[in-house]
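For clarity, every value in this text was computed on a predicted model and none was experimentally measured.
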Amino acid sequence: MIRYARRAAAFCLLLLVALLVNSARVMVFEADSLDDNPANRRIAITRYAQPRGEIVVDGRPVTASRDSRQQLRWERTYPQGPLYAPVTGYSSQTYGTSLLEHAEDAVLSGTDPMLAPLPLWNELTRSRQPGGDVVTTIRAPMQEAAFRGLDGKRGAVVAVEPSSGRLLALVSSPSYDPGVLSGTGKGVEDAWRRLNAAAGQPMLNRALRQTYPPGSTFKIVTAAAALDAGVVRDVDAPTDTPDPFVLPGTRQVLPNEAKGCADASLAAAIQWSCNTVLAGLGVKVGLTGMVDAVERFGFNDTGLQVPSWVAASHFDREMSPDQLALSSIGQFDTTATPLQMALVAAAVANDGEIAEPYLVERTTTSGGRTVRRAGGHGYRQAMSPATALRLRELMVRAVEEGTGTNAAIPGARVGGKTGTAQHGLGNTGTPYAWFIAWAQDEQEARPAVAVAVVVEDAEASRTDISGGGSAAPIAKAVMEEALRLETEGRG
């Protein structure tokens, strides 16, 4: 009898050991795969069991959380949704996350190990911390000025601090309220379908992820290439460029909207936006020189993040001479994001150097302790300081006496470049209106802001002036806010 009891005890002990081994296998070795299994609803329940951290602009949160009292308890809300949607993106229990909500999800959801009080704390306790906060570089008055300026028109505005790369305004229009996507159910699904089917594509971040032909604003890049290559040494000297200008190897004549472009100097060509002069200079620089020059500005960079990913601006590496001529004035296959063109203006304003653009100043715990701090990195040396100085003078002349007079600000030094970009079948679509600029207070040693504005549905004639008429006033309003904020900070 005792023998049978011992066998039974041994068998029970074996079962206990097997149970412990299996538990260890499940809890230790298979934990990650089970956590990542889409069928594991406990992950979603845990994720939404506490409020997300906040995205902060100018010291105030532009996000919030609502207790739904459902199984997935906390839903995201956006008190000023359309204004900041191009910055925040959405956090949806149905469709996931986008933009900053995606890029900084670990901090906002509380899973970032850096939020823990001690190293490996989350791994040992298998817990998460309260969601941390993401403090952005955006300045609210500038964001509001850009949003008002576009007034629902399709387009985008990007403002950047040239010396640091801090993004000060990031607006895409038309916009939407991300809060309609936050929860679950038929209402969220209907909102998703409606937004994705909308003709204006409100969920498209035009500032970061839409590329456009940059038109005449690209002439600043070509001018920099010509000056750095020594093709132009005196900006006031004639360039020996005929008008009409026949594209190399073709019979196609390149027109000018401006008058007096025959043999015009580079200074006059920037001031009045002569197509022929800049197209000719691009051909003289040559394909290799132009590719090298534009890539120093950041074109063809597929890895830029701010921290949300940014669409690559494009300049062909293989072209015929006639295609190169057109590309040199921002046509043919050349495309750029509004962020890229803001960086072009910033390079001119910052002695030829482009600081790496960034949108997050720092991340913090829910209690305010800094977790990470961003910024302070160089991105590209786009041109020599001497070339940047000359281009600043030419862009100032374009605002004071040329096509960009609508951007002039009393008491400030403003440099700008207008542009229109043809598109559509046979270039029959309404041209995109562009304006890039920078502004410097007369009492300051360096420019405070660089801006790029694109308006897709500009109501203007098909001339280069449309950039000055439709886009320049928006840029002016944003730059005025930047200068006002700088003055307040100085006081």
Side-chain angles (χ1 to χ4, degrees), residues 55 57 62-63 76-92 95 97-102 136 138 140-159 167-182 187-214 306 308 310-311 335-342 359 420-421 423-424 429-435 451-460 466-467 469-475 477-478 481:
I55 297 175
V57 171
V62 297
T63 55
R76 195 59 136 169
T77 62
Y78 301 85
Q80 297 171 279
L83 175 61
Y84 290 106
V87 176
T88 63
Y90 58 79
S91 175
S92 170
Y95 298 107
T97 54
S98 70
L99 300 175
L100 273 190
E101 292 277 27
H102 178 75
T136 72
I138 297 295
M142 297 175 64
Q143 185 82 0
E144 292 164 4
F147 189 79
R148 285 194 307 270
L150 285 172
D151 193 28
K153 292 186 175 71
R154 289 191 298 271
V157 179
V158 177
L167 293 176
L168 305 175
L170 190 71
V171 171
S172 177
S173 178
S175 191
Y176 71 106
D177 179 7
V180 301
L181 303 175
S182 293
V188 171
E189 294 171 0
D190 289 345
W192 178 264
R193 283 193 294 269
R194 183 177 67 255
L195 289 170
N196 279 284
Q201 296 179 283
M203 294 177 67
L204 171 63
N205 191 320
R206 290 171 163 85
L208 300 179
R209 297 180 179 173
Q210 179 65 51
T211 59
Y212 302 88
V306 294
S308 304
V310 179
T335 58
T337 62
L339 172 62
Q340 174 64 71
M341 296 314 296
L359 183 56
T420 56
H423 68 100
T430 302
Y432 299 139
W434 276 95
F435 192 70
V451 184
V453 178
V454 62
V455 182
E456 293 184 26
D457 45 2
E459 297 177 1
S466 67
S470 301
I474 302 173
V478 174
E481 288 296 333

Quick check: does any side chain N or O of [X] sit under 3.5 Å from a backbone N or O of [Y], one acting as donor and the other as acceptor?
{"X": "Trp434", "Y": "Pro213", "answer": "yes"}
{"X": "Gln143", "Y": "Leu170", "answer": "yes"}
{"X": "Ser173", "Y": "Lys153", "answer": "yes"}
{"X": "Arg154", "Y": "Arg206", "answer": "no"}
{"X": "Ser182", "Y": "Thr77", "answer": "no"}
{"X": "Thr63", "Y": "Ile55", "answer": "yes"}
{"X": "Ser175", "Y": "Pro82", "answer": "yes"}

What's the shortest heavy-atom distance between [X] and [Y], and which atoms?
{"X": "Tyr176", "Y": "Gly89", "result": "OH-C, 4.2 Å"}
{"X": "Val478", "Y": "Ala159", "result": "CG1-CB, 4.0 Å"}
{"X": "Ala471", "Y": "Ala433", "result": "CB-O, 3.9 Å"}
{"X": "Pro338", "Y": "Ala452", "result": "O-CB, 3.3 Å"}
{"X": "Gln210", "Y": "Leu204", "result": "OE1-CD2, 3.1 Å"}
{"X": "Ser308", "Y": "Leu208", "result": "CB-CD1, 4.5 Å"}

Measuring from [X]:[atom1] to [Y]:[atom2], what's the distance to the nearest 0.5 Å?
{"X": "Gln80", "Y": "Thr88", "atom1": "CD", "atom2": "OG1", "answer": "10.5 Å"}
{"X": "Leu168", "Y": "Leu359", "atom1": "CG", "atom2": "CG", "answer": "10.0 Å"}
{"X": "Glu144", "Y": "Ile138", "atom1": "CD", "atom2": "CD1", "answer": "11.5 Å"}
{"X": "Leu181", "Y": "Tyr78", "atom1": "CG", "atom2": "OH", "answer": "8.5 Å"}
{"X": "Glu456", "Y": "Ser470", "atom1": "CD", "atom2": "OG", "answer": "12.5 Å"}
{"X": "Ser91", "Y": "His102", "atom1": "OG", "atom2": "NE2", "answer": "11.5 Å"}

Full working for side-chain contact (heavy atoms from CB on, under 4.5 Å) between Leu339 and Val306:
CA-CA 10 Å; Leu339 172 62; Val306 294; 4.1 Å; yes
Please work out whether the ring planes of Trp192 and Tyr95 are parallel, tilted or perpendicular, with thresholds of 30° and 60°.
parallel
In sequence, state the C-alpha distance, the side-chain angles, and the governing distance for Val180 and Leu195, and then conclude on side-chain contact (heavy atoms from CB on, under 4.5 Å).
CA-CA 10 Å; Val180 301; Leu195 289 170; 4.1 Å; yes
With side chains defined as the heavy atoms from C-beta onward, is the minimum distance between [X] and [Y] less than 4.5 Å?
{"X": "Pro473", "Y": "Phe435", "answer": "no"}
{"X": "Leu100", "Y": "Val87", "answer": "yes"}
{"X": "Arg209", "Y": "Leu99", "answer": "yes"}

